[in-house]
Amino acid sequence: MSMRYLTFALTKGRLANQTMDLLSRAGITCKEMEDKDTRKLIFVNEELKMKFFLAKGPDVPTYVEYGAADIGIVGKDTLMEEGRNLFEVLDLGFGKCRMCVCGPQSSAEMLKHHELIRVATKYPAIAKDYFYNTKHQTVEIIKLNGSIELAPIVGLSEVIVDIVETGSTLKANGLVVLEEICPLSARMVVNQVSMRMENERIRDLILKLSTLLQDAQ
Ligand code: PRP
């Protein structure tokens, strides 16, 4: 019987490296991917009938929803922001951080009194959901693409909604966590059709990985 390829979309960068480390402990390796200087975009393990490609975080759920990849590894922040139709099957436990409302300490009062503040963020959907649906607070959301901590410093916004990992970026810029929205980590997601068509292979993989993750605790 000829098996079809199982395709993985990985988030480029640190998440992809940690994912390959975890997969290798489950016996899934990809020699082609170890060459750091390669310009190739897609990597194959012929024996296992698996393919791997690297994409920008926000594109990973897109590839998986459309079935261009069966499986994706992506941060919970990106999943929440993109709101795609997928199965989230596993918390991989790495890439741990928090989504927070941050700003100068002086913005705390404005937040508390539900003043009409400006919120700068790379995550407008998460920010909107939090302020409108959880806090029932009207705010103005300003979308930025990076270095979000700059916004309150230069007076673009009163607060930001951003990822906090070690807190060192905040600290270096005189900002603090004002409210915590939710914890984050890397997740494994599966295309809804693949889940049915490749059920045995995918279930087997989930089981292997979750056993490894439990043993590591
Ligand atoms: C992320 C995030 C914070 C920082 C948090 O930015 O947006 O700026 O990391 O990490 P820390 O709490 O350990 O300091 P990233 O480096 O991904 O780049 P970006 O500013 O371009 O989004």
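Atoms within each ligand, like the ligands themselves, are counted from 1 in listed order.
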Could you tell me, for ligand 1, which of its N or O atoms are under 3.5 Å from any protein N or O, listing the pairs and their distances rounded to 0.1 Å?
residue, atom, partner, partner atom, Å
ligand 1, 7 (O), Asp162, OD1, 3.0
ligand 1, 7 (O), Asp162, OD2, 2.7
ligand 1, 8 (O), Glu149, OE1, 3.2
ligand 1, 8 (O), Glu149, OE2, 2.6
ligand 1, 12 (O), Glu165, N, 2.8
ligand 1, 12 (O), Thr166, N, 3.0
ligand 1, 12 (O), Gly167, N, 2.7
ligand 1, 13 (O), Thr166, N, 2.8
ligand 1, 13 (O), Thr166, OG1, 2.5
ligand 1, 14 (O), Ser168, OG, 3.4
ligand 1, 14 (O), Thr169, N, 2.9
ligand 1, 14 (O), Thr169, OG1, 2.4
ligand 1, 20 (O), Ser147, N, 2.8
ligand 1, 22 (O), Lys122, NZ, 2.7

field: Any donor-acceptor N/O pair, Asn173 side chain to Leu175 backbone, under 3.5 Å
entry: no
- request: Say whether, by atom type as modelled, one donor and one acceptor occur between the side chain of Tyr132 and the main chain of Val139 under 3.5 angstrom.
  value: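 Yes; judged by distance alone, with no hydrogens or angles, the pair exists.
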Between Glu179 and Tyr130: side-chain donor-acceptor atoms closer than 3.5 Å: yes
- prompt: Have Ser185 and Arg187 got a donor and an acceptor in their side chains that come within less than 3.5 Å?
  reply: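 Ser185 vs Arg187: donor-acceptor pair found between side chains.
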query: In Å and rounded to the nearest 0.5 Å, what is the CG to CE distance from Leu86 to Met188?
result: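 Rounded to the nearest 0.5 Å, the CG-CE separation comes out at 12.0 Å.
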message: How long is the straight-line distance from CE of Met80 back to CD1 of Ile181, given to the nearest 0.5 Å?
response: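 Between atom CD1 of Ile181 and atom CE of Met80 there are 7.5 Å.
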